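This report refers to the structure that appears directly beneath it.
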Amino acid sequence: GPENDFTLKGSGNNTLLFGDVSTNKIGIGVTDPDSTLEIFSTSTQLKLSNNAADFATFAVGTNGDLTVTTVDAAAGAADFTVVADGAVDIDANQGALSLDGSAGINIGTETDVAIDIDSSTLDIDASGGVTIDTSGGNAISLDADAASNFTTSAGALTLEGKTGVL
């Protein structure tokens, strides 16, 4: 039989749902979907619910920023977990990448993994070895309100202080 686009309209003749059969695309709140499913709204675009009190929402802001909100009304245990069968790449492009955890930030707690932070200057390997390269002329500074302890198992350890007291 003939294939026809379909539209479901709401009050005020607003398009709620649109199907373009020639492109196999569905639009919610939009009549010209650009992908298989496009959801258009100036508020939360998607809500995934387990029940009325436990859910996650996705909202895209004016500048394309994505906010994912998880809600567990009873216990505050609405974790955000990414399970990947491969690498996870978080690229802040030209912005800062911020991690904020009220109970701390854990890196590499599942297995013995290396942490590499611009390995030309700071490297923490999987065995716990720390390398700080100051060959560029930069100094290593420690500013503490209490005593600081340094130990070495081999080789000399030289420390200098402003007052000469170590």
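Fair warning: this is a prediction, and the values are worked out from it, not measured in the lab.
- For N14, the side chain to side chain donor-acceptor pair (under 3.5 Å) test picks out no residue, with sequence neighbours left out.
- For S49, there are no side chain to side chain donor-acceptor pair (under 3.5 Å) partners two or more places apart in sequence or in a different chain.
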Side-chain donor-acceptor pairs under 3.5 Å in residues 70-78, sequence neighbours left out?
from	atom 1	to	atom 2	distance (Å)
T70	OG1	A78	O	2.5
D72	OD2	A77	N	3.1

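- Taking the side chain to side chain donor-acceptor pair (under 3.5 Å) definition, one finds that S35 meets it with nothing, sequence neighbours left out.
- Partners of L17 by side chain to side chain contact (heavy atoms under 4.5 Å, CB included), not counting sequence neighbours, listed by chain and number: F6, L8, I26, I28.
- With hydrogens and angles disregarded, no donor-acceptor distance shorter than 3.5 Å links the side chain of D79 to the backbone of T81.
- Taking the side chain to side chain donor-acceptor pair (under 3.5 Å) definition, one finds that T36 meets it with nothing, sequence neighbours left out.
- If you chain together ILVMFWY residues whose side-chain heavy atoms come under 4.5 Å of each other, V21 ends up in a group of its own.
- Annotation for V83: hydrophobic cluster partners, listed by chain and number, are none (ILVMFWY side-chain heavy atoms under 4.5 Å, direct or chained).
- With sequence neighbours excluded, no residue satisfies side chain to side chain contact (heavy atoms under 4.5 Å, CB included) with A52.
- Using modelled atom types, one finds a donor on one side chain and an acceptor on the other under 3.5 Å when comparing D20 with S22.
- Residues passing the side chain to side chain contact (heavy atoms under 4.5 Å, CB included) test with D32, sequence neighbours excluded: V30.
- By the side chain to side chain contact (heavy atoms under 4.5 Å, CB included) test, T57 pairs with T44, K47, F55, T69, sequence neighbours left out.
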